Amino acid sequence: MGLNKKNTLHILHTNDLHSHFEEMARIATGLKQLRLELQKQGYPVVTVDLGDHMDRMRLQTEATWGQVNVDVLNETRYDFVTIGNNEGLTFPRPKFNELYRNAAFSVICANLLDAKTKQPPPFLRSYTITKYGDFTVGWIGVTASFPEVYKLLGFITLDPTRVVAEQVASIRPYVDIIIVLSHVGYQWDVEMARNIDGIDVILGAHTHTYLAEGERINHTFVCQTGKFGQNIGHVTITYDKLKKTICKLEARCLPTHLYKPDGKVERIVDRHRRHAEQVMGEVVARLEYDLPVSWEEESPLGNLLAAGLRSWVDAEIGIVNSGTLLFSLEKGNITRKDILSLCPHPINPCRMKLTGEQLLDILEESLNEEIIKKQIQGFGFRGKVLGCLCVDGADIYYNPLAPVGRRIVRVEVQGRPLRKKQLYSVGTIDMFTFGIVFPTFQKGLGTKFYLPEFLRDVLEKQLRTKEALEKSLNRHWYAE
């Protein structure tokens, strides 16, 4: 059967832009050109984004609470978007409720429910059904489920695989094709493709996987375009009306650098940038002396953040990696923009209990040079390397020349010797609860997350506190 406007659908898709505005203008040009060319030939075209379009590490997104991203999506004429964890988890609930108030597109996500109503929020659709020429398409959206964290924002997140299976069973009798808009990651996409009958295409995100021509898994086509707006995905679906089946499926990724920037999008971004410079130029603290940070050894700025975490969550000990701080602070005025640049991560404080023995394991491991220099990607981290561990509430005495595993000589917690069997409350960061670098953190008991605060909120409070600044000069690591 030849391609014609009644049996062929073109889908243009993007994922995980993370507020890379420098690519958005090129994407807009590419999408507009492709859509125009295909529509001139009579084909229906749908443009979708699979989440994490926003990232609060970027000045414009932070200052406008994501409205710059919505304006760009509107101008680029997206039809559907789904929720990424950077939209769902990094915005305070009131801001998230208002996030899509001016959207000219539909937001689809079936597994994010309001905790009070047990229904999707008013601005979300669980699915939508649309007719194109000779066939009808059901669109289902799902996002990565972090139940304990979403709970703190007043949401319930359901298992995405179970929800998709239920949605497919519900709408399959009424549609010819089912497409899942997924922000759950490549592994979950593969699991859905293997275990759920009736999904034709999964357009994926979250793990930044690059599938140049898509991947066929059983009867499902899985597609994803990488990260940061480096590519535009283009899926072509041809449907045989007589046989009631898809007769052709093709996917490709088009590099965005092939397109010139779109002037309208550039002006939108620049307008919001000028506004953001004013908003984020607010002076929030003034330093009477320099506050250096080092990724390789204890430093005042790292100690300041560790003490802030300990105080914020009311713990006995504070622990944070120095790599969360990207540069030293010099004497003088500190603005909101400075703090965003210094600590851009969408990482939240958390509190847990660890035994003295577990703390010793973590502190001993943190002395390994390969750990200090380890490059971290994902988990909200926007820095370069992990860095050394900064500590507050404890003093660590160690012998750097001793064999690995036996370098920690002794630890004192608030002046008292550490007891291996005793439980200690620890203020640290949510990134560590995933078990990256230090798996022992996963053994923590009673873990509590603090949302919507970010590390930079903790840091800002510390920078305003004279006593905290003075205490940051005290040492906590002693080589013997």
Side-chain angles (χ1 to χ4, degrees), residues 12-36 45-109 121-125 128 141 143 181 183 205 225 227-233 256 259-282 336-337 340 344 346 452:
L12 307 176
H13 61 102
T14 55
N15 61 270
D16 296 289
L17 269 75
H18 286 275
S19 289
H20 277 71
F21 295 108
E22 64 275 13
E23 299 294 344
M24 290 182 191
R26 296 182 183 277
I27 287 172
T29 297
L31 292 176
K32 289 177 180 180
Q33 287 182 2
L34 289 164
R35 185 166 49 234
L36 181 61
V45 182
V46 179
T47 305
V48 302
D49 182 78
L50 289 313
D52 276 6
H53 191 276
M54 306 176 188
D55 197 313
R56 285 182 56 193
M57 75 171 289
R58 291 302 182 116
L59 187 71
Q60 294 97 318
T61 301
E62 177 76 346
T64 67
W65 292 106
Q67 291 311 301
V68 58
N69 299 76
V70 173
D71 287 350
V72 169
L73 288 163
N74 284 343
E75 171 58 35
T76 311
R77 290 166 49 199
Y78 280 80
D79 298 292
F80 306 127
V81 308
T82 197
I83 298 291
N85 48 287
N86 271 271
E87 286 87 14
L89 286 176
T90 70
F91 287 80
R93 181 62 188 271
K95 297 297 183 182
F96 183 67
N97 287 345
E98 294 293 316
L99 185 55
Y100 298 106
R101 66 181 184 273
N102 297 320
F105 46 85
S106 296
V107 187
I108 306 175
C109 186
F123 50 90
L124 293 185
R125 297 182 181 183
T128 190
T143 194
L181 309 180
H183 193 94
T225 68
K227 61 181 181 179
F228 304 158
Q230 296 167 353
N231 297 283
I232 296 170
T256 55
Y259 301 99
K260 294 181 179 180
D262 179 271
K264 289 185 178 180
V265 168
E266 284 188 317
R267 287 190 289 275
I268 288 171
V269 173
D270 187 60
R271 171 169 54 84
H272 283 291
R273 181 193 58 77
R274 294 195 302 270
H275 170 71
E277 292 283 357
Q278 293 179 345
V279 171
M280 302 296 285
E282 176 190 357
R336 289 180 63 196
K337 181 180 178 182
L340 175 63

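Remember, it's a predicted structure, so these values are computed and weren't measured experimentally.
- Scanning for side chain to side chain contact (heavy atoms under 4.5 Å, CB included) contacts around Pro346 gives Asn86, Thr90, Arg382, Phe454, with sequence neighbours left out.
- Judged by distance alone, with hydrogens and angles left aside, the side-chain atoms of Thr225 form no donor-acceptor pair with the main-chain N or O of Gly233 at under 3.5 Å.
- Under a 3.5 Å cut-off, the side chain of Thr14 and the backbone N or O of Ile232 do not form any donor-acceptor pair.
- Heavy atoms from other residues, nucleotides or ligands lying under 6.0 Å from CZ of Arg35 number more than 12.
- Taking NE2 of His53 as the reference point, atom OG1 of Thr82 lies at 13.5 Å (rounded to 0.5 Å).
- In terms of heavy-atom proximity, Val46 sits nearest to Asp79 at CA-OD2, 3.4 Å.
- In this structure, the side chain of Asn74 engages the main chain of Ala104 through a donor-acceptor pair within 3.5 Å.
- Contact annotation: the side chain of Leu17 never approaches that of Asn69 to less than 4.5 Å [non-hydrogen atoms, C-beta and beyond].
- Thr61 places no side-chain N or O within donor-acceptor distance of the main-chain N or O of Met54, the cut-off being under 3.5 Å.
- Annotation: side chain to side chain donor-acceptor pair (under 3.5 Å) contacts of His183 (sequence neighbours excluded): Asp52, Asn85, His206.
- A heavy-atom distance below 4.5 Å is not found between the side chains of Phe228 and Asp55.
- Remark: Phe80 engages Trp139 in a ring-ring contact (aromatic ring centres under 6.0 Å, His included) (not counting sequence neighbours).
- For the pair Trp65/Arg56, a side-chain contact is recorded, criterion being any heavy-atom separation below 4.5 Å from C-beta on.
- Val68 pairs with exactly one of Gln60, Glu62, Met24 by the side chain to side chain contact (heavy atoms under 4.5 Å, CB included) rule, that one being Gln60.
- Scanning all heavy atoms of the two residues, the minimum distance from Glu266 to Ala25 falls at CG-CB, 3.7 Å.
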Just list the side-chain donor-acceptor pairs under 3.5 Å for residues 95-102, sequence neighbours left out, or say none.
residue, atom, partner, partner atom, Å
Asn97, OD1, Arg93, NE, 2.8
Arg101, NH1, Glu98, O, 3.1

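- When all heavy atoms of Ile108 and Thr128 are compared, the pair lying nearest together is CD1-CG2, 3.5 Å.
- Nearest heavy-atom pair across Thr29 and Lys260 is OG1-O, 2.6 Å.
- Distance OG1/Thr143 to CG/Leu50: 10.5 Å, rounded to 0.5 Å.
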Exercise for review: Please report the C-alpha distance between Leu34 and Tyr259 in whole Å, then the side-chain angles of each, then the deciding distance to 0.1 Å, and finally whether the side-chain contact (heavy atoms from CB on, under 4.5 Å) criterion is met.
Suggested key: CA-CA 11 Å; Leu34 289 164; Tyr259 301 99; 4.0 Å; yes

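- Note that OG1 of Thr47 is 10.5 Å distant from NE2 of His13, once rounded to the nearest 0.5 Å.
- For the pair Thr76 and Val265, the minimum side-chain heavy-atom distance is below 4.5 Å.
- Among all heavy-atom pairs drawn from Val107 and Phe123, the shortest one is CB-O, 3.7 Å.
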Identify every side-chain donor-acceptor pair in residues 269-279 under 3.5 Å, counting partners at least two apart or on other chains, and give the distances.
residue, atom, partner, partner atom, Å
Asp270, OD1, Arg273, NE, 3.1
Asp270, OD1, Arg273, NH2, 2.9
Asp270, OD2, Arg274, NH1, 2.5
His272, NE2, Asp71, OD2, 2.8
Glu277, OE1, Lys337, NZ, 3.0
Glu277, OE2, Lys337, NZ, 3.1

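- Each salt bridge (charged side-chain N to carboxylate O under 4.0 Å, His left out) pair with one or both residues in residues 14-34, not counting sequence neighbours, appears once here: Glu22-Arg58, Lys32-Glu75, Lys32-Asp262.
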